Structure formats: C-alpha cells, structure tokens
Amino acid sequence: MSLMWLCPIDSLEPFVLGVERIQCSHDGELESFRNVLKRTHPRLLMMFKANVLLGEPTESDPSAIQADRCGTGRLPFSLSDNMPIVFDSSSQSLSSCAEAFIKRLLPLQEAQQLIHAIELEPASPDQHRDWLMTMQTWLNEGKYVILIQEDQAL
C-alpha cells in the first residue's frame, strides 16, 4: 500500500520537506487533479517516490549514506511525522536521483504563473480546489511543491 503526499519544499539547500504536508487520497480524484495540472505543464506537480530520496547505506559503515546510490529499503522518517524532514548530509543525504529530480523542478516564478492561470471546471470536486489553493499559497510563499509516494509496509 502507498500513501500520496502533497509536499511543500521549504528549502532547496539544504533540502527540506515542509511540515505542512497533506496526505492525498490515492484515487481517481488525485489522478484527475494531476491530469489537469499536466495539461497546463507536465512538470507542474512532479511525483517522486520517498524511498528514492535517500542514498543507500555503505557496506563498511551502515550509518553512512552513499549519495550516489538511489533509494533505500527503509526510510528513517515518515511523511506523517509532524516535523520538517531535512536532508543536510549530516544525518541523511539526498540520492543522486533525488538531486536530478530537484534540478528538473520548474523555476518558481514559472510555476507561480502557471498555477494561477489554472481555471478549474465549475463541476470540479472541492478537493481539487483545496489542493490548487494550497499549491498557490505555498508557491506564493516561495516554496516548490511536489507529490511524494510513500510505500507502506504490509
């Protein structure tokens, strides 16, 4: 089972996932919302898997993380934790895959312009309006916005 999270990025350097993360239902509403955004620009709300954010621990030192390896089997955090998640290389480092993903984010000003230009259909679900308003707020605050898939152990 996986959970989907709408996440603000409070900072790119160091990389910080903001505490205001929103768990989104993983159903047709989320997919239809993503399709609205993709029609505006395919990278307006990029999705990333949480377990690929971190590099793998090294074999010689399991507490050290190899930033050049993408992904880890077990995350040292949960997106449901009520605290920012910081990747500052002292405790956890971004993988090279995550760094490449971040470089593909739209420039903040472009994302702001695109998100403010979206007009939802009158019959759009209220959830779409809520997510859109949240994204507008975060972008206006200078925060990038991504969608993260967090796989849960069964």
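Every heavy atom of this structure was used, including side-chain atoms; hydrogens, water molecules and symmetry mates were not. This chain uses plain numbering: 1 for the first residue, then up along the sequence. If you're wondering where the values come from, they're calculated on a predicted model, not measured in any experiment.
- Looking at T134, its side chain does come within 3.5 Å of a backbone N or O of D130 through a donor-acceptor pair.
- Residues P84 and V19 come closest through the heavy atom pair N-CB, 4.0 Å.
- Among the candidates Q23, R21, Q149, the single residue satisfying the side-chain contact (heavy atoms from CB on, under 4.5 Å) test with L79 is R21.
- Side-chain atoms of H41 do not come within 3.5 Å of backbone N or O of L114 as any donor-acceptor pair.
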Under 3.5 Å donor-acceptor pairs involving side-chain atoms of residues 100-110, not counting sequence neighbours:
none

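- Counting heavy atoms from C-beta on, the side chains of L6 and V145 come closer than 4.5 Å.
- With a 4.5 Å cut-off between side-chain heavy atoms of Ile, Leu, Val, Met, Phe, Trp and Tyr, the cluster of M133 takes in none.
- R34 is listed as a side-chain neighbour of M47, based on a closest heavy-atom distance under 4.5 Å.
- Around atom CG of D126, no more than 12 heavy atoms belonging to other residues, nucleotides or ligands sit under 6.0 Å away.
- Within the 4.5 Å cutoff, the side chain of V52 has heavy atoms near those of the K49 side chain.
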Query raised in the report: side chain to side chain contact (heavy atoms under 4.5 Å, CB included) between H116 and N140: does it pass, once the steps are laid out?
Result: CA-CA 10 Å; H116 286 287; N140 288 341; 3.0 Å; yes

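- Residue L17 comes nearest to C7 through the heavy atom pair CD2-CB, 4.2 Å, listed as atom of the first residue, atom of the second, then distance.
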Requested in this report: Would you sort out whether I115 and T40 count as a side chain to side chain contact (heavy atoms under 4.5 Å, CB included), showing the intermediate values?
Outcome: CA-CA 8 Å; I115 203 81; T40 302; over 6 Å; no

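- Remark: side-chain polar atoms of Q112 are paired, donor with acceptor, to backbone N or O of L139 under 3.5 angstrom.
- Counting heavy atoms from C-beta on, the side chains of F48 and L53 come closer than 4.5 Å.
- R43 places none of its side-chain heavy atoms less than 4.5 Å from the side chain of K38.
- In this structure, the side chains of W5 and L147 stay at 4.5 Å or more apart for every pair of heavy atoms.
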**Report entry** Derivation of the side chain to side chain contact (heavy atoms under 4.5 Å, CB included) call for S78 and E150
**Finding:** CA-CA 8 Å; S78 171; E150 180 181 35; 3.5 Å; yes

Query raised in the report: Please walk me through it: do E20 and K143 pass salt bridge (Lys or Arg N to Asp or Glu O under 4.0 Å)?
Result: CA-CA 11 Å; E20 300 172 292; K143 300 175 183 181; 3.1 Å; yes

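- Taking the side chain as every heavy atom from C-beta outward, L54 and S95 never approach each other to under 4.5 Å.
- Nearest heavy-atom pair, I85 versus F87, reported as atom, atom and distance to 0.1 Å: CG2-CE1, 3.6 Å.
- Listed by first and then second residue, the ring pair (Phe, Tyr, Trp, His ring centres under 6.0 Å) pairs involving residues 131-151 are F33-W131 (not counting sequence neighbours).
- At least one side-chain heavy atom of I9 sits under 4.5 Å from a side-chain heavy atom of I146.
- Between R129 and A123, the shortest heavy-atom distance links the atoms NH2-N, 4.4 Å.
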